[in-house]
Amino acid sequence: MKMAAPTASKAASLGCNNKPTFPELDFRSGARVEELNKLIQEFTKHDQREYDDQRALEIHTAKDFIFSMLGMVQKLDQKLPVANEYLLLSGGVREGVVDLDLDELNVYARGTDYDMDFTLLVPALKLHDRNQPVTLDMRHSALCHSWLSLRLFDEGTISKWKDCCTIVDHINGATNYFFSPTKVADWFYDSISIVLSEIQKKPQRGMPKVEKVEKNGTIISIILGVGSSRMLYDIVPVVSFKGWPAVAQSWLMENHFWDGKITEEEVISGFYLVPACSYKGKKDNEWRLSFARSEVQLKKCISSSLMQAYQACKAIIIKLLSRPKAISPYHLRSMMLWACDRLPANYLAQEDYAAHFLLGLIDDLQHCLVNKMCPNYFIPQCNMLEHLSEETVMLHARKLSSVRSDPTEHLRTAIEHVKAANRLTLELQRRGSTTSIPSPQSDGGDPNQPDDRLAKKLQQLVTENPGKSISVFINPDDVTRPHFRIDDKFF
């Protein structure tokens with residue numbers, strides 16, 4: 001007797017067509033995508049610290065001290081604007097929050113030298129009364145750079161700042177003063193040193209301890225000891241503009257990932273000149289365009305999983321590619337913004353795709369190195385890697401190849417580094433846990449008075465606004481009442 005062959009449905013029920021299921025793997029390294037996702041989550045957990053009331057109060061105390069110091073700098077010679085607007089960014093210059101060269105910076109390590117780091121952009125000059133677009137004198141400079149003539153300002157401003165300028169005499173007898181980033185940085189460092197010396201002659205109860213003041217190129221780095229915390233402030237003298245530079249006008253004509261999520265007015269509200277020159281530029285005269293204010297707005301539109309991948313990738317490369325200093329975390333940030341323009345928003349919004357994003361960022365960075373091409377996101381015609389030698393880019397590309405071949409191991413190493421930094425911080429906190437340091441404005445009275453309420457408010461702001469910027473409006477005659485803005489919200 002013949003038996004009929006089983007139908008397809010019966011075969012399926014009998015398991016004849018069952019195929020073994022494999023975990024999702026990365027083709028290049030063989031790493032398990034699920035394991036990479038878990039490691040990225042673990043890195044994020046250790047990298048993003050939570051702040052209790054005491055830490056929030058210490059953050060406020062350090063900020064209050066820095067702003068008070070800057071108010072006193074303004075009073076020294078009236079050079080800084082009386083009503084100034086600072087941009088406070090979470091993360092130091094070494095973290096790539098601003099496009100500055102890292103070659104001249106001393107090496108500071110989290111856990112060893114500091115526990116928290118910030119970058120503060122302090123306008124030495126403001127040009128806020130002109131309609132966009134803003135046309136800069138770029139005849140002497142490489143792309144993304146400019147000289148700044150004080151002819152744009154009034155006679156009073158020229159008189160105050162001419163000792164921080166280089167002077168160019170024209171054939172017709174006219175004299176042109178060009179604002180010098182190096183001279184401004186020298187003046188700023190000297191002024192801060194004078195003020196800190198005066199402050200330390202009359203110490204107040206609860207005042208932060210100034211552990212270090214260093215001039216790193218054109219940046220002034222201050223490490224403050226506050227209670228059980230050490231705060232690093234990288235203070236950068238800048239020129240602040242409202243509007244948008246003409247050289248970046250074509251960028252606005254393109255489609256971008258943030259279209260429809262935030263308004264163009266939010267993105268192009270202003271830009272800066274920061275004290276950095278191009279590879280062949282004249283260091284005494286040349287400033288670099290910075291779009292730090294715009295980048296704060298764009299970060300609102302980046303998914304959390306992509307940001308986690310970016311932070312993990314940054315932690316891997318920041319030490320691996322530190323010598324020679326050719327690649328900075330700012331290059332990686334630019335590549336992330338380009339990826340946001342290139343890839344569909346619903347793809348980048350996938351919560352469990354952090355591993356894919358990490359591998360993609362490594363691939364992008366290696367591609368940029370091999371081709372010696374990394375366009376500035378806002379001025380694409382500016383290639384930020386153009387000045388590198390073939391030997392340097394290939395050296396870094398080979399280092400990245402080792403990461404791409406074993407991303408799991410490099411992630412584990414990054415996790416161990418951040419855990420070690422946290423252990424150092426906790427050890428320091430334990431040593432100082434018996435001492436509670438009040439704010440400089442506190443008289444040591446009732447702990448439930450305004451400083452405690454402010455600490456709770458600050459804790460809430462830090463928790464609700466991770467990685468966002470704070471613009472501060474401060475009157476140097478009354479530094480006890482700063483008005484500060486987190487992105488577009490006033491407090």
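Computed over heavy atoms, backbone and side chain alike; hydrogens, waters and symmetry mates excluded.
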Exercise for the section: Report the C-alpha distance between K215 and D190 in whole Å, list the side-chain angles of each, state the deciding distance to 0.1 Å, and finish with yes or no for salt bridge (Lys or Arg N to Asp or Glu O under 4.0 Å). Expected result: CA-CA 10 Å; K215 182 171 175 287; D190 290 342; over 6 Å; no
Practice task
Would you check, one step at a time, whether the test side chain to side chain contact (heavy atoms under 4.5 Å, CB included) holds for F65 with I222?
Solution key: CA-CA 11 Å; F65 179 85; I222 300 176; 5.7 Å; no
Practice task
Dump the intermediate steps for salt bridge (Lys or Arg N to Asp or Glu O under 4.0 Å) on R230 and D113, then the final yes or no.
Solution key: CA-CA 8 Å; R230 296 158 301 166; D113 300 297; over 6 Å; no
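Salt bridge E386/K280: absent, no basic N to carboxylate O contact under 4.0 Å. Taking a cutoff of 4.0 Å between a charged side-chain nitrogen and a carboxylate oxygen, E85 and K126 do not qualify as a salt bridge. E95 and R110 are not joined by a salt bridge, as no carboxylate oxygen comes within less than 4.0 angstrom of a charged side-chain nitrogen. Between K183 and D284 no salt bridge is recorded (no basic side-chain N to carboxylate O distance below 4.0 Å).
Other residues, nucleotides and ligands place no more than 12 heavy atoms under 6.0 Å from the NE2 atom of H367. More than 12 heavy-atom neighbours from other residues, nucleotides or ligands sit within 6.0 angstrom of CZ on R342. Residue K261 places its NZ atom among more than 12 non-hydrogen atoms of other residues, nucleotides or ligands, all under 6.0 Å distant.
Atom OG1 in T119 sits 9.0 Å away from atom CZ in R94 (nearest 0.5 Å). E58 contributes atom CD, which lies 9.5 Å from atom CE of M116 (distance to the nearest 0.5 angstrom). The CZ atom of R288 lies 7.0 Å from the CG atom of L100; values are rounded to the nearest 0.5 Å.
Judged by distance alone, the side chains of S229 and D115 never bring a donor and an acceptor atom under 3.5 Å apart. Checked by atom type, the side-chain pair Q74/N84 shows no donor-acceptor distance below 3.5 Å. The closest side-chain donor-acceptor pair between S221 and N216 falls under 3.5 angstrom. Side-chain contact annotation: Q311 with T44, donor-acceptor N/O pair under 3.5 Å absent. There is no side-chain donor-acceptor pair under 3.5 Å between D137 and S149.
Note: F357 and Y347 meet the aromatic proximity criterion, with ring centroids under 6.0 Å apart. Ring-centre distance between W161 and F153: not below the 6.0 Å cut-off.
Here E34 pairs with R32, K38 under the salt bridge (Lys or Arg N to Asp or Glu O under 4.0 Å) rule; sequence neighbours left out. Among residues two or more places apart in sequence or in another chain, the ring-ring contact (aromatic ring centres under 6.0 Å, His included) test is passed with W251 by W244, H256, W258, Y377, F378.
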